[in-house]
Amino acid sequence: MGSPVSLEIIQNIAILKILNPPVNALSHLVRLNLMSALKDAEKNESVSAIIVMGEGNTFPAGADITEFGTPPKNPVLPLVCDKIEQLNKPVISAMHGTPLGGGLEIALSCHYRLAHPHTKLGLPEVHLGLLPGAGGTQRLPRLIGLPEAFKIAASGMPISAKKAKEIGLIDELIENINDDPISFADKLLSSNKQILRTCDITEHLNETPETNREMSKIRASFAKSHRGQIAPGKIANCIEATLKMPFEKGQELERNTFVELLKTNQSKGLIHAFFAERKSSKIPEVTKAIPRPLNKIGVVGGGTMGSGITIAALNAGIPVTMIERDAESIKKGNDNVEKVYKRDIEKGRLSESAVNDILAQFNTSTDFDSLSQVDMVIEAVFEEMPIKKKVFQILDQVIKPGGVLASNTSYLDINEIATVTSRPSDVIGLHFFSPANIMRLLEIVVPSRVSDDVVATGFSLAKKMRKTPVRAGVCDGFIGNRILNNYGDCAAFMMEDGATPYEIDKAIFEFGYPMGPYQMFDLAGGDIGWATRKRLEPFRNPQSRYVHIADKLCENGWFGQKTGRGFYRYDTGNRRGNEDPAVLEIIEQERQKKGITPRKFSQEEIIQRYIAAMVNEAAEVVREGIALRPSDVDVTKLFGYGFPRYRGGPMKYADTYGLDRILVDLQEFEKEDPIFWKPSSLIEKLVREGNNFDSLNL
Ligand code: 3HC
Ligand code: NAI
């Protein structure tokens, strides 16, 4: 294998190109070779200036994340950056693609920075629970001032090259990534321009009351948006250190903080989430088959989900025909779609003409024959098996051969739906989450007779829509909702045994969820769950514990926010809701009926039970092959259900907490209710073998 860093000398200019596909990550081998190429260029008397750039798609997109957690190997990135900065020949970075993290830190240590206009530059370490650890917190504020540097590093969001030029992060925009840097170097060498070391710049390092105020404001805003996370505060500390200590001392603080953060469970959880998200689309069918075309799709049903799916498809550039049952419903469906785009215009997210272009790709009809030419149809009608079956019988008649027939059902058996068609190999589940145009998760439910290329088409749709796909097997509720039902039951048991819904919500919120289960119930609408519970009633084990509280609320018509009342009361204009004594009264009545004397639940116990129930069912989902691997469960819960990303997902959290401790908890709870709390045999096996869930993440 050749060196990942090439050194080419054109006249008196050395060009160092980094090649480590796919993103030119700064692995140990890259750092080693970059260091030696820098030394060669330094020594070579015919070289007067040095250009550093990335080969292929991008300037380096950061440190090699796969090396985190292994002992650091010299030369570590800060040393490479220092070497660049201290060279006595001008060093110019010529950026394109995504110079991120350590990649941008290389550029910050260069004496000049150029970038192609399409470049996206950023410091995304915060997304990994880290901070820029190769001088980024010390050099960026020196270049652009503290507040801007803090915003970039704590948000982790990339900025455009144009913005980078405006704020002084780069010196020039370049059109031709190969030739323009050479011209820049030539000009530099023929002018009196000095080597400009970022570490020596002081003009932005003035501590003024205004800077302090601005930093405090940004700190407070990140404390809110990154609730519970350690890294943003640490980033602020390091950035503010630029005002208080010399460059070298600031670097030391940054390095020590980086190493400290790398050891935290937050960083481990976030790094796990990064790789889990990418692993979920690596599934057997995708490697075996080529996806079918997706030039046009149909959506049946224009309600909450049908309209969201329509928008997701239109935004991905796929024309959509929506079918509804009558003229009134199709008008509603149309309005549902237009309302969202109208808001996009109002908020300045899209121009009116862009929206007109998008809507030109949108047709509505009450006639299923209008779907004859679509490549895929996604059904999103009421969650009732007879209605779904009727729709699929019609779709079987009208959709052209080779068209994919997909259902957005939340729970129903897709194998059964497929039986009413003459082509079960074309039938698949595509379970979107509400709002479907926003939520990133897409469960791709694989029935027994579906063909590989249809599954591959589901994954290809997810890619076009920029969704995160997870492969799920058929069972009631697939991965996400099946697990949700289990910890939902656990919450109901705690509520009946003495915790209020408000205490449960508070505990779950403080664990890091955006909201608790009962706030979620009120937001989503209690009627959906109620219909499912009624459907499953005949199959329920009569020995299993059942809590009637949610049903009682539904019987009163208290479906949540949409009816102004659920577990909370929503008076006009109050979306957060107030605690409702009438709900507590219903809970108390249910306890009395069952002779339960309420007891206190600590916040810690609420979490312990809630997570144990979640992990236990999740283990069953993996054991049964409904999820291919534990990390797919993590992705499902992170992207569809608000599990705090910095905890990595329930399976990663269980590994961190200790699978043996989870088993002990389950065995303890099993004494109260042996049916509900029966430990999954997969957990028992892993604990016996001294393994964890991660050992199954192949
Ligand atoms: N290290 C190792 N592997 C990486 C990587 C990195 N920094 N960035 C991406 N990859 C891998 C991915 O895991 C994926 O591998 P796979 O094909 O086996 O699944 C492959 O590269 C392609 O990645 P994507 O699928 O994400 O490709 P996209 O084109 O969609 O996105 C990207 C490219 C915007 C660069 C995106 O990959 C990304 O955001 N990467 C992370 C960047 C980052 O976090 N950099 C900071 C690292 S920490 C650091 O630099 C510390 C320093 O301060 C000391
Ligand atoms: P909804 O009640 O908002 O919309 C259903 C739409 O289907 C209605 O507009 C109705 O007129 C139409 N419809 C009914 N029968 C039809 C027929 N025969 N032909 C054409 N149109 C017909 O329901 P929602 O919430 O959009 O749910 C739809 C499906 O999506 C259900 O299977 C549900 O389980 C699933 N789902 C719902 C989620 C949610 O949060 N609402 C999340 C994920 C999936």
Side-chain angles (χ1 to χ4, degrees), residues 20-27 57-68 72 76-78 80-81 97-106 120 122-137 153 156 158 254-255 258 262 267 270-271 274-275 277-282 299-309 322-326 328-330 332-333 336 365-366 368 378-388 390-391 394-395 407-412 429-436 439 441 443 463 466 480-481 523-525 527-528 531-532 640:
N20 183 23
V23 300
N24 291 335
L26 297 156
S27 64
N57 292 336
T58 184
F59 196 82
D64 185 338
I65 304 169
T66 60
E67 288 180 358
F68 291 169
V76 290
L77 198 55
V80 180
C81 291
T98 48
L100 300 174
L104 185 62
E105 288 173 299
I106 292 260
K120 297 272 184 213
L123 294 172
E125 288 88 344
V126 69
H127 296 319
L128 305 173
L130 299 171
L131 50 68
T137 66
E254 178 196 84
R255 193 68 202 156
F258 182 83
L262 205 49
S267 164
L270 287 163
I271 291 173
F274 177 87
F275 287 115
E277 186 182 345
R278 283 155 180 84
K279 198 176 275 172
S280 73
S281 44
K282 296 188 171 76
V299 172
V300 185
T304 310
M305 295 309 289
S307 54
I309 295 167
M322 178 192 278
I323 301 290
E324 260 290 355
R325 34 187 186 152
D326 51 41
E328 192 189 328
S329 310
I330 201 68
K332 270 195 203 151
N336 287 342
S365 173
T366 51
F368 276 81
I378 304 171
E379 162 279 310
V381 303
F382 301 134
E383 183 77 342
E384 286 176 37
M385 186 56 100
I387 302 181
K388 302 256 189 219
K390 211 160 161 205
V391 167
I394 303 172
L395 294 176
S407 173
N408 180 49
T409 178
S410 312
Y411 288 93
L412 299 177
L430 292 177
H431 183 213
F432 289 82
F433 287 71
S434 180
M439 293 291 285
L441 182 65
E443 269 185 307
K463 195 164 184 194
R466 296 178 182 217
N481 282 345
L523 180 70
D527 45 338
I528 300 177
T532 306

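We count ligands from 1, going down the list as the structure has it; atoms in each ligand are counted the same way. All values derive from a computational prediction rather than experimental measurement.
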- Message: Is it true that, when you exclude K279 itself, more than 12 heavy atoms of the residues, nucleotides or ligands shown sit nearer than 6.0 Å to its NZ?
- Response: yes

- Item | Per atom 36 (N) of ligand 2, closest listed option by heavy atom (S434, G308, S410, S407) | S410

- Message: Quick check against the 3.5 Å criterion: does T532 have a side-chain atom that pairs as donor or acceptor with the backbone of I528?
- Response: yes

- Query: For G133 and ligand 1, does the shortest N/O to N/O distance drop below 3.5 Å?
  - Reply: yes

- Query: Considering only protein heavy atoms, which is closest to atom 18 (O) of ligand 1, and at what distance to one decimal place?
  - Reply: K282 NZ, 3.7 Å

- Against heavy atoms of T409, which atoms of ligand 2 measure under 4.0 Å? 32 (O)

- K120 and P99: which non-hydrogen atoms are nearest, and at how many Å? O-CD, 3.0 Å

- Task: Please identify which atoms of ligand 1 are closer than 4.0 Å to at least one heavy atom of G62.
- Result: 45 (N), 50 (O)

- Report yes or no: does N336 contribute a side-chain atom to a donor-acceptor pair with the main-chain N or O of S307 at less than 3.5 Å? no

- Query: Counting N and O atoms only, with roles assigned by atom type, does the side chain of E379 sit under 3.5 Å from a partner on the main chain of G301, one being a donor and the other an acceptor?
  - Reply: no

- Just by modelled atom types, is the F432 backbone N or O under 3.5 Å from a matching donor or acceptor in the N408 side chain? yes

- Item | Contact (N/O only, under 3.5 Å) between N408 and ligand 2 | yes

- Query: Among V381, V391, I387, which residue places a heavy atom closest to atom 29 (C) of ligand 2?
  - Reply: V381

- Query: Protein heavy-atom contact under 4.0 Å for atom 50 (O) of ligand 1?
  - Reply: yes

- Which one of P435, G301, A380 has a non-hydrogen atom at the shortest distance from atom 5 (C) of ligand 2? A380

- Query: Who's the nearest protein heavy-atom neighbour of atom 3 (O) of ligand 2, and how far?
  - Reply: T304 N, 2.9 Å

- Run the contact test for F433 against ligand 2 with a 4.0 Å cut-off on heavy atoms, strictly below, and give the result. no

- Ranked by distance from atom 12 (C) of ligand 1, the top protein heavy atom is R278 CD, 3.7 Å

- Polar proximity ligand 1 side, E125 side, N/O cut 3.5 Å exclusive: yes

- Message: If the cut-off is 4.0 Å to any non-hydrogen atom of K388, which atoms of ligand 2 fall inside it?
- Response: 31 (C), 32 (O)

- Message: Using a 3.5 Å cut-off on N or O atoms only, is E105 in polar contact with ligand 1?
- Response: yes

- Would a distance-only check, ignoring hydrogens and angles, find a side-chain to backbone donor-acceptor pair under 3.5 Å from S267 to L128? yes

- Message: Is H127 close enough to touch ligand 1? Criterion: a residue heavy atom under 4.0 Å from a ligand atom.
- Response: no

- Of all protein heavy atoms, the one nearest atom 11 (C) of ligand 1 is P22 CG, 4.5 Å

- Item | H431 and T409: CA distance, side-chain angles, deciding distance, side chain to side chain contact (heavy atoms under 4.5 Å, CB included) verdict | CA-CA 6 Å; H431 183 213; T409 178; over 6 Å; no

- Message: Any protein heavy-atom neighbour for atom 20 (C) of ligand 1 (distance below 4.0 angstrom)?
- Response: yes

- Message: Tell me whether E105 contacts the main-chain N or O of A134 through its side chain, where contact means a donor paired with an acceptor under 3.5 Å.
- Response: yes

- Task: Ignoring angles and geometry beyond distance, decide whether I65 reaches within less than 3.5 Å of ligand 1 through its nitrogen or oxygen atoms.
- Result: yes

- Message: Counting only heavy atoms, tell me which of E324, H431, E379, E328 gets closest to atom 13 (N) of ligand 2.
- Response: E324

- Look only at interatomic distance and state if A63 has a nitrogen or oxygen under 3.5 Å from any nitrogen or oxygen of ligand 1. yes

- Establish whether atom 29 (O) of ligand 1 and some protein heavy atom are separated by less than 4.0 angstrom. no

- Query: Do any nitrogen or oxygen atoms of A61 come within less than 3.5 Å of a nitrogen or oxygen of ligand 1?
  - Reply: yes

- Task: Pick, from G103, P124, G97, the option with the minimum heavy-atom distance to atom 43 (C) of ligand 1.
- Result: P124

- Task: Could you find the nearest protein heavy atom to atom 4 (O) of ligand 2 and give me its residue, atom name and distance?
- Result: G303 CA, 3.3 Å

- What protein heavy atom is closest to atom 2 (C) of ligand 1, reported as residue, atom name and distance in Å? D64 OD1, 3.3 Å

- The protein heavy atom nearest to atom 33 (C) of ligand 1 is V23 CG1, 4.1 Å

- Task: Could you check atom 41 (N) of ligand 2 against the protein and tell me its nearest heavy-atom contact, residue, atom and distance included?
- Result: I528 CD1, 3.7 Å

- Under-4.0 Å heavy-atom contact between protein and atom 53 (O) of ligand 1: yes

- Item | atom 16 (P) of ligand 1 within contact range, any protein heavy atom under 4.0 Å | yes

- Return the minimal non-hydrogen interatomic distance between F258 and G133, and the atom names on each side. CD1-CA, 3.6 Å

- Query: ligand 2 versus L412, non-hydrogen atoms closer than 4.0 Å: side chain, backbone, both, neither?
  - Reply: neither

- Note on the structure: min-distance protein heavy atom vs atom 43 (C) of ligand 2 -> F432 O, 3.1 Å

- Might you point out which heavy atoms bring G640 and M439 nearest each other, and give the distance in Å? O-CE, 3.6 Å

- Query: Has ligand 2 got any nitrogen or oxygen that is less than 3.5 angstrom from a nitrogen or oxygen of M305?
  - Reply: yes

- Considering distance alone, does some N or O of F274 sit under 3.5 Å from an N or O of ligand 1? no

- Query: Any heavy atom of K390 sitting closer than 4.0 Å to ligand 2?
  - Reply: no

- Considering only heavy atoms of T98, which atoms of ligand 1 have at least one such atom less than 4.0 Å away? 35 (C)

- Closest non-hydrogen atom pair, R325 against F382: NH2-CZ, 3.4 Å

- Item | Non-hydrogen atoms of S407 and K388 that approach each other most closely | OG-CD, 4.1 Å

- Item | Any D326 heavy atom less than 4.0 Å from ligand 2 | no

- Query: Is there a donor-acceptor contact under 3.5 Å linking the side chains of T98 and T58?
  - Reply: yes

- Query: Judged by non-hydrogen atoms, does G136 sit under 4.0 Å from ligand 1?
  - Reply: no

- Query: Taking E383 for the side chain and Y411 for the main chain, is one N or O donor matched with an acceptor at less than 3.5 Å?
  - Reply: yes

- Message: Quick one about S27 and E67 (side-chain donor to acceptor, distance below 3.5 Å, no hydrogens or angles considered), yes or no?
- Response: no

- Query: Nearest protein heavy-atom contact for atom 2 (O) of ligand 2: which residue, which atom, what distance?
  - Reply: F382 CE2, 3.4 Å

- Task: Verify, without hydrogens or angle tests, whether E254 (side chain) and G135 (backbone) share a donor-acceptor contact under 3.5 angstrom.
- Result: yes

- Closest non-hydrogen contact found for S410 with N481 is O-ND2, 3.5 Å

- Item | atom 23 (O) of ligand 2 touched by protein heavy atom at under 4.0 Å | no

